[in-house]
There are 2 protein chains.
Amino acid sequence: MAQNRTQTDHEVISELTTGRLSVYLRCLSYLESIHQETVSSAELADRFHLNSAQIRKDLACFGEFGTRGVGYNVSRLKEHLIRELGIDRPRNVVIAGAGNLGMALADYGGFNDNGFRIVALVDVDPAKIGRSSRSGIPVLAYSDLKQIVPEQNVEIGIIAVTADAAQEVYESFVGAGLTAILNFAPVQLRAHGQVKLKSVDLRINLELLSFYLKGIEDGTA
Amino acid sequence: MAQNRTQTDHEVISELTTGRLSVYLRCLSYLESIHQETVSSAELADRFHLNSAQIRKDLACFGEFGTRGVGYNVSRLKEHLIRELGIDRPRNVVIAGAGNLGMALADYGGFNDNGFRIVALVDVDPAKIGRSSRSGIPVLAYSDLKQIVPEQNVEIGIIAVTADAAQEVYESFVGAGLTAILNFAPVQLRAHGQVKLKSVDLRINLELLSFYLKGIEDGTA
DNA sequence: GCATGTGAATGGATTCACAGCT
DNA sequence: AGCTGTGAATCCATTCACATGC
């Protein structure tokens, strides 16, 4: 079948792997700040309760980066992951919905440094337009999305509106040319094939915990 | 090996399955509001781009609930899932951190109806203590956690503080008797075995999108 | 000696395909 | 006929175990 390879000449990298790379990256930044020069897969493994072979496999996805008998060079590996994840140049982001959640995301530490730049929030509420978030990100008119995206070179859209408005925002994002969207509204969006959509569902996470609690209560204590 | 069964007499239900049950539940609530009486696995399947066999397997985890040739009774299945997920009685929740994110979560639509009740936010900042969220959830002193949890019968804790304070909050939560914790801080927490911990990492999700964008740029267009 | 990189083995989750009920 | 429930088959992810190189 030979299928369509998503990566050029390397393996197809799964989303699970990518998520872990992201986690490793954070750890490497920390190790670098501690001036640790090298790190072994075993050391990373017990930091994250993972298997060291998995880490080696993850890191070996794109070429050989460690040295046998020694481990991985922290700075070099970090730089490499940054490039591999595509955040070696800043990605511009717009957030739809300047309510509590949108504001929280706009000011969320760790977004605006290192790879992502939130250029604006957009909202339909005239009372909010023209103001800005605590950290100074402006709230613009939702209707201006089509101008903002190309002008500011925005690539990623975040949906932080209520469930009933989410689909419409999704359509506007797609219409404005965004191809990567992160959704926080608790709905199943009808998605376009060419657009990457990730959803973060707060409610599902709470229900997972509830399920766990229930398990304690009535099953295995 | 026979292992430790998490469920009493049924199968062990994985987290992936539980997450989907959660999604089905939301859909069933919608269908009920539309007065649709029955639903087939095929209908649910294309709503979520899933395989119908998977849905049947998921739903068959706990006894037979459909009728062959017909499908599933919407209301009955919904009630069943609610019981199965353990939200047939309200679960009380406390949020640590009354910043943007904590406030956003406190007022997040869909938490406070149906199964979850956020009883309070806690914070160390004296300027915030005594106030309350837009929807009226009070901000109490972080130091009172040990009283609040038993008094209000809190079961779930949400960490909505900065990365550097997260581990300490985690310890306080565990110390106060919580056994299910949802973490929004971008750190790998050192976890206690007996406590269920779920982490939602905003940054990882953005990096996933960035990786996708990068793939378009330089690999397969 | 020590830690990587990787085929082979295992373990889960998803999908297929069909028997069985209504 | 239609749709569920489920063993069997398939696919994907993780782990093992070891050859390879520093």
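In what follows, chains are A, B, ... by sequence order, proteins preceding strands, each numbered from 1.
- For the pair A:Leu21 CG and D:dA13 P, the computed distance is 13 Å after rounding to whole Å.
- B:Phe62 places its CZ atom 13 Å from the P atom of D:dT6, with the value rounded to the nearest Å.
- At a threshold of 4.0 angstrom between heavy atoms, the contacts of A:Ser52 with the nucleic acid are absent.
- When the side-chain hydrogen bond (donor to acceptor under 3.5 Å, both in side chains) test is applied to B:Thr18, no partner is found at least two apart in sequence or on another chain.
- Regarding A:Glu15, its CD atom lies at a distance of 14 Å from the P atom of C:dT14, rounded to whole Å.
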Going 5' to 3' through nucleotides 16-22 of chain D and flagging B where a protein heavy-atom sits under 4.0 Å of the base, S where only the sugar-phosphate is that close, and - otherwise, we get BB--BBB
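- Side-chain nitrogen and oxygen atoms of B:Tyr72 include none within less than 4.0 Å of the OP1 or OP2 phosphate oxygen of D:dG2.
- In summary, the side chains of A:Gln188 and A:Gln167 do not present any donor paired with an acceptor at a separation below 3.5 Å, with no hydrogens or angles considered.
- The salt bridge (charged side-chain N to carboxylate O under 4.0 Å, His left out) check on A:Glu79 picks up nothing, with sequence neighbours excluded.
- Counted by atom type alone, B:Tyr142 and B:Ser172 present one or more donor-acceptor pairs between their side chains at under 3.5 Å.
- Screening residues 167-190 of chain A for salt bridge (charged side-chain N to carboxylate O under 4.0 Å, His left out) gives no qualifying pairs among residues at least two apart or on separate chains.
- Counting only residues at least two apart or on different chains, the salt bridge (charged side-chain N to carboxylate O under 4.0 Å, His left out) pairs with a member in residues 48-63 of chain A are A:Arg20-A:Asp58.
- The side chain of B:Arg20 places no N or O atom within less than 4.0 Å of a non-bridging phosphate oxygen (OP1 or OP2) of C:dA13.
- Separating the CG atom of B:Asp58 from the P atom of D:dT4 is a distance of 13 Å, rounded to the nearest angstrom.
- Put simply, B:Ser41 has a side-chain N or O that comes within less than 4.0 Å of OP1 or OP2 on D:dT4.
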Please list, one pair per line, the donor and acceptor atoms closer than 3.5 Å that link side chains of residues 90-105 of chain A to other protein atoms, with sequence neighbours excluded.
from: A:Arg91; atom 1: NE; to: A:Gly86; atom 2: O; distance (Å): 2.8
from: A:Arg91; atom 1: NE; to: B:Ser210; atom 2: OG; distance (Å): 3.4
from: A:Arg91; atom 1: NH1; to: A:Glu155; atom 2: OE1; distance (Å): 3.3
from: A:Arg91; atom 1: NH1; to: A:Glu155; atom 2: OE2; distance (Å): 3.1
from: A:Arg91; atom 1: NH1; to: B:Glu217; atom 2: OE2; distance (Å): 2.7
from: A:Arg91; atom 1: NH2; to: A:Gly86; atom 2: O; distance (Å): 2.9
from: A:Asn92; atom 1: OD1; to: A:Arg117; atom 2: NE; distance (Å): 3.2
from: A:Asn92; atom 1: OD1; to: A:Arg117; atom 2: NH2; distance (Å): 3.4
from: A:Asn92; atom 1: ND2; to: A:Gln152; atom 2: O; distance (Å): 2.9
from: A:Asn92; atom 1: ND2; to: A:Asn153; atom 2: O; distance (Å): 3.3
from: A:Asn100; atom 1: ND2; to: B:Asp107; atom 2: OD2; distance (Å): 3.4

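- Rounded to whole Å, the distance from NE2 on B:His49 to C1' on C:dT15 is 17 Å.
- When rounded to the nearest whole Å, the span between CG of A:Leu59 and C1' of C:dA3 equals 13 Å.
- Separating the CG atom of A:Leu16 from the P atom of D:dC11 is a distance of 19 Å, rounded to the nearest angstrom.
- Atoms CD (B:Gln54) and C1' (D:dT10) sit 14 Å apart, rounded to a whole Å.
- A:Thr17 comes within contact range of no nucleotide atom at all, as no heavy-atom separation falls under 4.0 Å.
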